Amino acid sequence: MKKNMGPIIVFIIICLISGCAPPKGKDLTTLPEPKYILKEFNVDWVYSLAIAGSSTIYAATEQGIYKSEDKANTWKPTNHRLYNLNVLTVVVDPKNPEVIFVGGDGGIFKSTNGADEWVEKNIGLTNPLVKTLAIDPENPNRLYAGCTGKGGLFISNDSGDNWEMAKDNLQITTIAIPKTHTNKIYLGTWGNGVYKSEDGSLSFQPINTGLTNFNIRAIAIDSTDTQTLYAGTQDGVFFSNNGGETWNPRNKGILNTYIWTLLVHPKQPDIVYAGTWIGGVYKSENKGKEWQRMNVGLVNTCVHKLIADPKEPDIIYAATEGGIFQTIDGGIFWNAKNKGLVYMVKERIPPPVPVEKKKKPKPKPKAPAHGGGH
């Protein structure tokens, strides 16, 4: 064996001298740091709005919660500790405007300091797909959460700390509670019509007589008469003057019957607004008997939510799939109110591609001169 080692040693010495030794590993510390750029994008999809007082407004969007403190003139994101940003609904405690609840794909979050910080509130909430929230106007510690997906109505009696299921197997899209007589609760469902409770949610009964479509997106209650209701369906608006026992269609003038939101004027209950999918906003001045389209300035006509300023109810805000719009004249003209309604995305800048220097082409040999001499 020792005799055979000689050629190997000679080969190794030749390799070291001639430079054929294995290359060293690449020094990664010399690689340039990646560079990034922040790109700004508009928040388009706004699902819900809520007013605290008169000048402060909260918007539930595809990018979390945005807050305005100047009647929607400017917005800023307020998402600290809000772990899921696809927020579908927002409500404000009617007796404490610093307390806000939001619901969405990640369940329910609560803020007690005007949305500066959020705390998850999902104990007992077995379905995190929260489509709608409602607060009892007489007892703000009592909350209702309506869920899609597996469905279900959940109730909290301790300001969101704990939840219990009150009604299962329903895809709940909206909850309506009168400002008085809050033992009455109305549920709008997807596929099962309207349900009503008269015992504070201990039991519910369907109230669908007269409805031709059971896909409900909105329920609105008359501000002065709790027996007068409106339901928004895929067949338009339905009206009831007996607490939902019977319904009648009221769609004269409505060209697009996919109703997504309803609003009864807080001080003039004969005036009702309907927000539609693609059709924009309609207004009735006679409890829905006749409607007029009100879309001047409303660039996006997919309207998810309408809310009115409680002190100046001719000021109305529309949440659309193209941001937020405001009217100050009861719907005659709309203005976009999206300043600050943006989000930032961090994108990596790709390193420059090295450009190879082109080699100069070799000069072609000159052709021999032709002429005399031959």
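Because only heavy atoms are used, hydrogens play no part in the values below, and waters and symmetry mates are left out as well, while side chains stay in. Here the structure is a predicted model, which is why all the values come from computation and not from measurement.
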Interatomic distance, L341 atom CG to T61 atom OG1 [nearest 0.5 angstrom]: 6.5 Å
Point-to-point distance, once rounded to the nearest 0.5 Å, from CD1 of I221 to NZ of K184: 9.0 Å
Nearest-0.5 Å distance, CD1 of residue I155 to CG of residue D136: 10.0 Å
Donor-acceptor contact below 3.5 Å, side chain T173 vs main chain I216: yes
Side-chain donor/acceptor of W247 to backbone N/O of L229, under 3.5 Å: no
Y273 (side chain) donor-acceptor with T261 (main chain) under 3.5 angstrom: no
Test of ring centre spacing under 6.0 Å for W277 and Y258: yes
S201 vs R142, side-chain hydrogen bond (donor to acceptor under 3.5 Å, both in side chains): CA-CA, chis, key distance, verdict: CA-CA 11 Å; S201 76; R142 186 170 175 84; 3.1 Å; yes
Non-hydrogen side-chain atoms of W75 and I324 separated by less than 4.5 Å: yes
CZ-NE2 distance between R217 and H304, expressed to the nearest 0.5 angstrom: 8.0 Å
Contact list for residues 194-218, test ring-ring contact (aromatic ring centres under 6.0 Å, His included), sequence neighbours left out: none
Derivation of the side-chain hydrogen bond (donor to acceptor under 3.5 Å, both in side chains) call for K121 and S159: CA-CA 9 Å; K121 293 291 183 179; S159 195; over 6 Å; no
